[in-house]
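To find a chain, count down the sequence lines: A is the first, B the second, and so on, and within it residues start at 1.
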Amino acid sequence: MTQRITKWPGVELSAADLNEGKVTQTRFRPNAKYAWSAGEAMSRFLAELQNGRLIARTCRSCKRILFPPRMFCEVCFRPTDEWTYIQDTGTIETFSISYLDTDAKRIPDPILVGVVSLDGASPKMGMMHYFGDMTKDEIRIGMRVKAVWKPWEERRGSVLDIRHFGPLRKDAK
Amino acid sequence: MRKVGVIGAGMTLFRRRLQETGKEMCFEATKMALDSAGLTRADIDMVVNGTAPDAFDGVHMKGEYLLDGCGGYRKPYTRVFTGGGTGVFSSIAGWWHVASGLADAVLVVNEEKMSSCQPHPQSVFAHIWDPILDRPLRPNLVWIFAMEMNRYMHVHGVKKEDIARVAVKNKRNAVGHPCAQLADPKITVDDVLNSEVMAWPVQRLDISPPSDGASAIVLASEDFIRRRKIKDRAWMSGVGWCIDSTMWTDRDLYFPEYVARAAQTAYKRAKISDPRREIDFAEPYDPFDYKELHHLEGLLLAKKGEAPILTREGVTERDGDLPVCPSGGLMGVGNPIAATMGQKIGELFWQLTNQAGKRQIPHEVHTGVAQAWGDLMPLWW
Ligand SMILES: [Zn+2]
């Protein structure tokens, strides 16, 4: 490098340089909007969420019960075979206690979020979701949880039809 | 396949915000790399550009936008993009241009200008998630790392103190780096552990924040190197890359199987059978401190769960038995995503040609490994 090079290129700007208009800038706000087709597997998945159920696809070749459902098996590389319902209970595989919202803004009450593996799907298969009805001190990996569904009239065919996963109480089956 | 050597490298300062445009940064880094190899643009057959999501710069197809600065004018020019993996993957693309015999001398130029995105580049990271499964939950990119870090800590019973040691080591190593944004000679483990909790277990000093910067390297064939009598060269003896499934909630996040597969490919090509013994130092991808540990295990330089122990015992210090991130890494030098080629491939070149100055590993080193990772969960080498 390094011995031979004496000047390293780059002029650092401070936040003040920008805020006080000391540097020339040009601004643009894009206006891009999208409407995604949910596709075959996800359309059925979302419709079933509205019914308060989780659905998976099976692959006869590798014998996996695939969740989230998909129309082809990425391992066997063949079409999947059948729809099958799985349970709305599962196990917390990992989680975070987030004080950041989607735009990296700070929030005082943390979001509990993580991955839940679902009963009835192949081992470790699950989804990302929020956790609720528990404190940040109570949440732990390995905890048994169950989906807390929004009331039927509030469901829209979205992963948000599940409000969050809450603790699975033994007496509640 | 022909033998390929790195014969020059250059990089700009890494800073939260640079005045130069992306093109201007690319020109500076490219000129430096050419000068250090003793070449001009006329000697270059082909150019590879590496840069991460277009949305950071706000210029769609930014490979084309940057090409003049990369020395690409009227040359065969390609942009490659594999998320954070671009930091190493673009050099692999340069390697295959030369190894195949298509080119004798190739420029690889990587750039990232994250400061253009307002108010924070995090807002465009929101667009990398699956639109149906993940995006309605309004995820933050840090969540991914937090969830992976927590799983890793849980499976091996790793303490946060042992992870914080990586941040301390790399920020101290970066003190000798002229481009460093985050060097801190006085930082302690307690500073990391007491920093603001962002998304537990991730705290502010566990993260390398956004940055602006560019880096460049020159690759050449053995024949070209001999003909031009180029003395400073580091041979690329093996490359490998691998990716996992996008169904990231279906696998156990504690171990990066894709890194192990990429590493095995590269070691096989380089005829390395015992990486822990045959590799002298490593530059694994460290956008978060725990990622260095995770990747060291993926690179088979530590057993599963052993990387925190090696770190605690000082093995990975610059004067240790296996120096890791002697450049200062992303944690210490900065994280302008694709431009981190400067700390990965650039550092291997500088260390192996004895040009690393204050960062030079005090004992003799002959073989290094660099690795990067990108996209939602997958990876490269
Ligand atoms: Zn299958």
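In terms of heavy-atom pairs under 4.5 angstrom with chain B, the leader among V113(A), V116(A), V23(A) is V113(A). Of all the listed residues (G58(B), P136(B), S123(B)), the one sharing the greatest number of non-hydrogen pairs under 4.5 Å with chain A is P136(B). The most heavy-atom pairs under 4.5 Å with chain A, out of T249(B), V197(B), T353(B), come from T249(B). No other option in S98(A), P30(A), P9(A), S158(A) has as many heavy-atom pairs under 4.5 Å with chain B as P9(A). With chain A as partner, the option from V124(B), D252(B), L133(B), T12(B) having the largest number of non-hydrogen pairs under 4.5 angstrom is L133(B). When each of M127(A), M125(A), H129(A) is scored by its heavy-atom pairs under 4.5 Å with chain B, the top score falls to M125(A).
Summarising the geometry of M42(A) relative to I132(B), their closest heavy-atom pair is SD-CG2, 3.8 Å, with the distance given to 0.1 Å. Nearest heavy-atom pair, T94(A) versus R151(B), reported as atom, atom and distance to 0.1 Å: OG1-N, 3.4 Å. Residues L137(B) and V159(A) share a closest heavy-atom pair of CG-CG2, 4.3 Å. Taking both residues in full, the closest heavy atoms of M147(B) and G114(A) are given as SD-CA, 3.5 Å, listed atom of the first, atom of the second, then distance.
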Listing, residues 33-41 of chain A side-chain donor-acceptor contacts under 3.5 Å, not counting sequence neighbours, or none:
from   : atom 1 : to     : atom 2 : distance (Å)
K33(A) : NZ     : N31(A) : OD1    : 2.7
S37(A) : OG     : G39(A) : N      : 3.4

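Heavy atoms of other residues, nucleotides or ligands lying less than 6.0 angstrom from CZ of F255(B) number more than 12. Few gaps surround CZ on R53(A); more than 12 heavy atoms of other groups in view lie less than 6.0 Å from it. Within 6.0 Å of NZ in K31(B) there are 12 or fewer heavy atoms belonging to other residues, nucleotides or ligands. With a 6.0 Å radius and a threshold of 12 heavy atoms from other residues, nucleotides or ligands, R138(B) has its CZ atom at or below the threshold.
Using a 4.5 Å cut-off between heavy atoms, V142(B) contacts chain A through its side chain alone, with no backbone atom that close. If you measure heavy-atom distances from S122(A) to chain B, you find no contacts under 4.5 Å at all. Interface remark: I111(A) contributes side-chain atoms only to the contact with chain B (heavy atom separation under 4.5 Å). L18(A) touches chain B through its side chain: at least one heavy atom from C-beta onward sits under 4.5 Å away, while N, CA, C and O do not. The contact between M32(B) and chain A is made entirely by side chain atoms (from C-beta outward), counting heavy-atom distances below 4.5 Å. Proximity to chain A is absent for every atom of E24(B), based on heavy atoms less than 4.5 angstrom apart. Residue contact with chain B, scored on non-hydrogen atoms closer than 4.5 Å, involves the backbone and the side chain of A15(A) alike.
Side chains of W143(B) and S96(A): no donor on one and acceptor on the other come within 3.5 Å.
Without hydrogens or angle criteria, N140(B) side chain to D101(A) main chain gives a donor-acceptor distance under 3.5 Å. A donor-acceptor pair is defined here as one N or O able to donate and one able to accept, closer than 3.5 Å; no such pair exists between the side chain of R15(B) and the backbone of G10(A).
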Just do the side chain to side chain contact (heavy atoms under 4.5 Å, CB included) check on M198(B) and R106(A) with the steps written out, would you? CA-CA 8 Å; M198(B) 312 285 274; R106(A) 308 303 197 261; 3.6 Å; yes
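Between atom CH2 of residue W200(B) and atom OH of residue Y99(A) there is a gap of 11.0 Å, rounded to the nearest 0.5 Å. Once rounded to the nearest 0.5 Å, the distance linking CE of M128(A) with CZ of R135(B) reads 11.0 Å. Interatomic distance, Q25(A) CD to Q118(B) CD, rounded to the nearest 0.5 Å: 7.0 Å. In this structure, N150(B) CG and I139(A) CD1 are separated by 8.5 Å, a value rounded to the nearest 0.5 Å.
Salt bridge E12(A)/R16(B): absent, no basic N to carboxylate O contact under 4.0 Å. Salt-bridge annotation for D250(B) and R70(A): present, with a side-chain N of the basic residue lying under 4.0 Å from a carboxylate O of the acidic one.
Counting only heavy atoms from C-beta outward, the side chains of M247(B) and P68(A) approach each other to under 4.5 Å.
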